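Written below as structure tokens is the structure these notes are about.
Residue numbering restarts at 1 for every chain, and letters A, B, ... go by the order of the sequence lines. All values below come from the heavy atoms of this structure, side chains included, with hydrogens, waters and symmetry mates left out. Small disclaimer: the values here were computed from a predicted structure and weren't measured.
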Amino acid sequence: MPKSKSDKLSGSVMVVGGGIAGMQSALDLAESGYYVYLLEKSSAIGGVMSQLDKTFPTNDCAM
Amino acid sequence: MLQKPRYIDLNKCTACGECAEVCPVELDNEYDVGLSNRKAAFKLYAQAIPGAYAIQKTDRAPCSLACPAGLNVQGYVQMVGQGKYEDALKIIMEDLPLPGVLGRICPHGCEDACRRCEVDNPVAIRDLKRLAADQFDPRKIKIECLPPREEKVAIVGSGPAGLSAAYHLARKGILSTIFEALPEAGGMLRVGIPDHRLPREILDREIEIITNLGVEIKVNTPLGPQLTVDDLFKEGHKAVYLAVGAHRGIELGIPGEGAGGVRQGVDFLKELNLSGKTPVGKKVGIIGGGNVAIDVSRSAVRLGAEEVSIIYRRSRAEMPAWEDEIQAAEAEGVKITYLAAPQEVLTQDGKVVGIRCIRMKLGETDSSGRRRPIPIPGSEYDIEIDQLVPAIGQRPDLSAIEDVEGLAFSRWGTADVDPVTYATNREAVFAGGDLQTGPWVAIGAIAAGREAAESIARFLDGRDMAEGREPVTPENPVYRPIPEDNAGKAREKMPELPLKDRKGNFKEVELGYDEDTGKEEAHRCLNCGYCCECFQCVEACIAEAVIHNQKPVEREIEVGSAILCLGTHVFDPAPYEDLYHHESYPNVLTSMEFERFLSATGPTSGHLVRPSDKKEPKRIAWIQCVGSRDTAHCSNDYCSSVCCMYAIKEALIAKEHTGGDFTGTIFNMDIRSHGKGFERYYERAKSEGIRFIRSRVHSITEADDNGTLKIGYVEESGEIYEEEFDIVVLSVGMEPDPSAVELSRKLGVDLNKNNFVNTDDFSPVMTSRPGIYVAGVLQGTKDIPQSVTEASAAACASSVSLAQSRGESTKEKVFPEEKDISGEEPRVGVFVCNCGNNIGGFADVPGIAEYAKTLPNVVNVDENLFTCSQDTQEKIVEVIKEHKLNRIVVAACTPTTHEALFRETLRNAGLNENLFEMANIRNQCTWVHSHNKEEATEKAKDLVRMAVAKSSFLEPISDLMVDIEKSGLIIGGGVAGMTAALSLADQGFPATIVERSDTLGGAARDIKKTWRGNDVHEYLSGLIDRIEQHPIVEVLLNADVTGSSGFVGNFETDILTGGKTRTIKHGVCIIATGANASSPDEYLYGKNPRVTRWHDLEQEPNRIKDARTVVFILCVGSRDDKRPYCSRVCCTSSIGQAVNFKEQNPEINVFILYRDIRTYGEKEALYQEARDMGIIFVRYTIDKKPIVTESDEGLDIRVFDPVLQRELLIKADLLNLATAIEPTGHEDIAGYFKIPIDDDKFFIEAHAKLRPVDFANDGLFVCGMAHYPKPIDESIVQAMAAASKAAIILSQPCIKVSPLVSQVDTEKCIGCGLCAEVCNFVAIIMEEIEGKGFRAKNVPASCKGCGLCASSCPQGAIDMLHFRDRQLLAAVSAVR
Amino acid sequence: MEKFEPKILAFLCNWCAYAAADLAGVSRFQYPSNVKPLRVMCSARVDPLYIIKALKAGWDGILVSG
Amino acid sequence: MTEVTESIRGQGELDSTTFSLELDAAEMTAKSETLRWLVGKEVSLTTKGDVYGRKWDVGQFEEILSAVLKREYQKNLIYIALKEGSTSVREISERTGLQLGKISYLISDLEKTNQVIFKGHSEGIPVFESAS
């Protein structure tokens, strides 16, 4: 188990990647009481999904 | 962790886009996979979050690094490309005060460094600089100077070094006097370069730039006995800069050099340039190979010499003069002799008559990197000349300074100085230019002058002269890759004075580019550094958000765990060009490119055209499995899991776009529509005419000149076909992103052979390194809902490991106490935002503000440049207090993005956050009426009036808090249910499992192994152990749910167990009721003992040992009219069993009769293994199902083989059926919790993609096969995801629900119940009130605030808080 | 005669139509300024009565979008 | 947006005073319990079925809805016309543009719910008055 310098478990989580999976992980953790560092290499989150037009099988807009 | 700079302040940027508007750098838009362009200042996509722009910038371009003065070349080239000559000059003159001069004579080392050399020829940087100075008078550029200081500085020499020093000193507020020995200023620029290269007016004009700053130039004032350096100090100069240049020609050192008619090249040019003439012979011989030799030769031609020859001792390749100049000289008639050296000047009567030369050959390379010339003995020859001009080099004339105290000189006769500060050994004396370097390029002298100026300024201030000035060169510079399509744009030619017009005059030869040519040339620039630092964006940004000097920030963060969601990289078909022709045929697109063409935000705004001729395509083909299931071309043996579905989607949407006569054709091996709702989608596509052809495409060729494509393919039966298409879409697969692979390795996370993160079937989000979890495609190819589910599961795993520190790192904000405004008259404060230029530029903001003042109840109106800025928030708080405002209206952008910010400001001012209203005068006004200021202004007034009208009726609404019962109920005790229970309990939340049967384990009890071969029984018993021993997990077996009421955080559910009903209170409920294999009534199942289903056979190893032939039939009861869905697990499970049988009994014949093999993801390898083992796969279609009959020996199975095109008879001992997976009857549960089930009786999640484990009703979640058939690993993931979502609710101290809910007036309510009926969220219930009967009651925790109840109520008894009838009608009535 | 400029009130659903109108702004689509948006949390909130009251108040046309 | 604007521009300016009768009647209709009930029940009637368990199809429902809507609206027109001072069927017809027969038929409906009172004959013509 990772221990912080103060020997106390850290309440922060690092999420690497700001695509749909990273965003979802980050949201779940932040909403349940953890401090989240969401790291994304480009200038905006969204990842590949933001490039899609519609999604199957409902043909909903990917945005 | 390294945070790269964005170069734009996130907090200040208002996303107005002005920076991108003015940015000159056009780059490929990666968002549109390069199909469109974007600027270096950009926003990734319109809806991007953060909404702020960013600037893409890497290392400084190589041209700039190559320039001795470090000019921002890319910047001014881009400005010239835009026709912004003034801006180009501003950039140039940051460093260089003589743009027109250097634009003509600079040897442009930048061009040698230009990366365009790798493509064709370098960009004509120097000529573009000149164009800027030709088009805009550099004297008119406003030079920013600091206020003048008292100290004066003396500069000796008015060449480029001296002028540059004076210029840069003047900008620092330090004025100088330049002492020039010659009658005219300019140094070598004046006397060393003839007018045909640098017209004297140009030099005059640009020297004026410097003198305009207050610099005084004293000509005819040489340093010497009458004016010494000491004298200069005595005159009061605080520092002296020596820049006397190198004007003394070097002698040849051969006999006869003193004869008449022998003239040093520099002296020849000096006289010519100062007086306009100089004696010239008829036959002129020039010795040397540098630019001076060429200048002399071309001048001699112009002065009327009949024969001009240059003698150079090496070959042309070594010649230091510029190639252009050499060619020009030759064109003008100069003869150049290579590999010859003078040995003796032949004289007659003390005058030169000829020269004796010796031939040379090239030997070893010398210290200059050139091959040393060696005389060839005996090869002497004489040539006849009457003038000899040696031009083999210059050195400084030190006569005036060699005695200066403290000055030291090198053995080459140059001044010794500190290489960074240019300080000499004597205090306050600096030196630079050719005096220090020996003869070098003008731009080097300019740089030296600038550096000396910096040193002098620091010296005068008493600061450290060297600090922070060590030159830094990036070690591995990162540049923009050279775009592939950029070749073949040749360098523009410089127009020249025709040869015939050059004789007898010194008219300038190079005429300069015209504007159009210049722009073309500038556009050849590759923008190596992305951003060109032209700073146009800085000027355009009113919010002052651009920070060009932002630095990367390295941060160390302490975290308890990490989740890798590094995503996917779309397969690049480029290496397989021979097969796919993606690069060479314009109409071959990748699916991602096609996706962008379909998108309304794409390169064609969603208008589908074929790229070659922009015509609407009618025939589109998709080729499946490009980069997937393909070990022949690439090494990807896995299935990408999503391509079949997206191809079908693209085909359907393309059909929508193009209409009637469209044909979509999908070439595939199997169609894998194994997800929820996917099979129906596939069937719909077939019914809409999308063709599915089962074949491997063997060739793509171009059929005509318009780019029509021809596909050659072989059908299953072996027949060969050819067909034409307008567009061919390559359904490219997914790979782990290379950078993700690198990072994973760096973090010590194990990867499998395909570079996906290694995980276990029973812990699918754990990596090999404890504390690091993985989700999404990095774990294995998958679709969006699966990624989202996995992400929540990873969050759950992370949360379990850190549960004791929950809330430790987060902070709660404290606000001042809320002021009671009841009884106060409305006092509305209006803040009208200019949004920089975004509103102010398109509407009359002062007019709107004035108008707002006239509206009822308005007591204060303010205008802000940016109402959203931090300082404005503080100001708003002050204004609220000062004017005792109790309603606030902000007329600015959209509440969607900014309402939360202003609401917080209200809270900071002690006002209830609901006393706030926004008027959207940007997104829905100025931005959409930017062509008509008057209309925009009038509409803005209307919007402000409506907002003010509504605001007067606003009222404070208190936060709604609901307590939470901090426990979970899990219905179903299978793997999913148990995993969900443990995931909650391990976070400290008690969980109760309700299981209908008498044991835990569910459907997994029948399974021996997962597809990877992990032992399921062992796992299951471990899981059950943990459940039974967990102190806060309770298990109720033989238990049935019989009813439920309540809402999120507060459910009460009745459980019938052991004949008694128990009511359990719980905050959340996870439904994991599972699914079972169905029993078929076909293929003799139940009639013949040889026919089994699913895992029955597995349990009886003896039967397999004795069997000779085993047949599997797949899709038994799935994918038919009764159950039009795919059971997802049958293919993998059956193949896995078949492989095991074959391993147990290699002699056994195994047949698998299938419709499509759906071993998605890495399970594909199992399919491949089965084939390799000799398991026989026979495809059947639903209209030709296998026929099973009994025979004496066993079973006769007849099936039509589409490859052999005939019926097969298989004599089988055993037949195993993969029957459809159908949900357990859980309609009762659906009823109790009011959650929907689909036509196949599976539960319907809130959103197929984004909320895969949630229900629309809060606090209820689904996981496992109750949602859809799935293998164990996916059930585990989903269970953890459901637990993650449930834990979000349970971890809150209480539930804060939006208070913008419906409100029932129980006096008006007649209890008709219509509201409860129309509400989709069970947010209105009927409650019995004593003496009144039933009355409607709102359940705020469930209410979404939609208002349907209010607009349905026949009595008008329901109103919506914050959107009350009177509030909305006030806005409605505020019409003009 | 001066061209008649109708006054149109648009009830826009916060989650879709209003967001779409915002996006139209981001994309700088130009459309007539006659339409004045009024945000509601859902188009279901638009009681038919509102429409009649709006017409009575002087609007020439009503658009409900969601 | 452009289309909507053009369509409404095409319809011309709405003078709410000219149409006050129609608007008032429409307002009354929108407020009426019958209508609100019917609309509120749409989903339930078309998906779950009525009290007899019969599922209505959407077209059938729409048909009934518009019939009821029309009837209620016309009744309200008459009611308001009477309130404004019209007394006879003929006068109501002039004010509302409804056919005489239709008015007689609807007036009897209104009488049954006590919204309209029959005041006897004047010069042989039946006279009505709105209640309250």
Considering all heavy atoms of both residues, which atom of A/A21 and which atom of B/G776 are nearest to each other, and what is their separation? CB-CA, 4.2 Å
Rounded at 0.5 Å granularity, tell me how far NZ in A/K41 sits from CG in B/L566. 8.0 Å
Contacting moiety of B/S673, where chain A heavy atoms sit under 4.5 Å: neither
Please check: side-chain N/O of A/Q51 versus main-chain N/O of B/Y31, any donor-acceptor pairing under 3.5 Å? yes
A/V15 side chain near B/C565 side chain, heavy-atom distance below 4.5 Å: yes
Of the non-hydrogen atoms in A/S25 and B/A791, which two are nearest, and what is the gap between them? OG-O, 2.9 Å
Check each atom of B/L743 against the heavy atoms of chain A and say whether the ones under 4.5 Å are side chain, backbone, both or neither. side chain
Within this structure, what is the OG-CG distance for the pair A/S32 and B/L1290, rounded to the nearest 0.5 Å? 10.5 Å
Going by side chain to side chain donor-acceptor pair (under 3.5 Å), name the residues that satisfy it together with B/E593, two or more places apart in sequence or in a different chain. B/H582
Backbone N or O of A/D53 within a donor-acceptor pair of the B/S599 side chain at under 3.5 Å? no
Best-contacting candidate, B/S792, B/S1284, B/G677, against chain A by heavy atom pairs under 4.5 angstrom: B/S792
Within 6.0 angstrom of A/Y35 OH, more than 12 heavy atoms from elsewhere: no
Starting at CD of A/Q24, measure out to CG of B/L1250 and round the result to the nearest 0.5 Å. 8.0 Å
Return the NZ to OG distance between B/K43 and A/S43, rounded to the nearest 0.5 Å. 10.0 Å
Begin from the C-alpha positions of B/C796 and A/D28 and carry the test side chain to side chain contact (heavy atoms under 4.5 Å, CB included) through to its verdict. CA-CA 8 Å; B/C796 175; A/D28 275 20; over 6 Å; no
Heavy-atom closest pair, residues B/I784 and A/L52: CD1-CD1, 4.0 Å
Given A/G18, A/G22, A/G11, A/G19, the one with more heavy-atom pairs under 4.5 angstrom with chain B than any other is A/G11
Do A/L29 and B/R806 have side chains that get closer than 4.5 Å, going by heavy atoms? no
Find the one option among B/E790, B/K676, B/K4, B/M592 whose heavy-atom pairs under 4.5 Å with chain A are most numerous. B/M592
Identify the heavy atoms of B/Y45 and A/G46 that sit nearest to each other, and give their distance. OH-CA, 3.5 Å
What part of B/F42 is in contact with chain A, defined as an atom under 4.5 angstrom from a non-hydrogen atom: side chain, backbone, both or neither? side chain
Donor-acceptor under 3.5 Å (A/Y34 side chain, B/S799 main chain): yes
Taking the side chain as C-beta and beyond, is there a heavy-atom pair between A/V48 and B/V777 under 4.5 Å? no
Measuring from atom CE of A/M14 to atom CD1 of B/I772, what distance do you get when rounded to the nearest 0.5 angstrom? 6.5 Å
A/V16 and B/I563, any side-chain heavy atoms less than 4.5 Å apart: no
For the interface with chain A, which of B/S798, B/G606, B/G675 has the highest count of heavy-atom pairs at distances below 4.5 Å? B/S798
Among A/L27, A/I45, A/L39, the residue with the most heavy-atom pairs under 4.5 Å to chain B is A/I45
From B/E558 CD over to A/Y37 OH, what is the distance, rounded to the nearest 0.5 angstrom? 8.5 Å
Measure the shortest side-chain to side-chain distance between A/V36 and B/V559 over non-hydrogen atoms and say whether it is less than 4.5 angstrom. no
Any non-hydrogen side-chain atom of A/S10 less than 4.5 Å from a side-chain atom of B/E808? no
Go through the atoms of B/R769 and report whether side chain, backbone, both or neither lie under 4.5 Å from a heavy atom of chain A. neither
Any side-chain heavy atom of A/S12 sitting closer than 4.5 Å to one from B/I557? no
Are the side chain of B/Q1292 and the backbone N or O of A/E31 linked by a donor-acceptor pair below 3.5 Å? yes
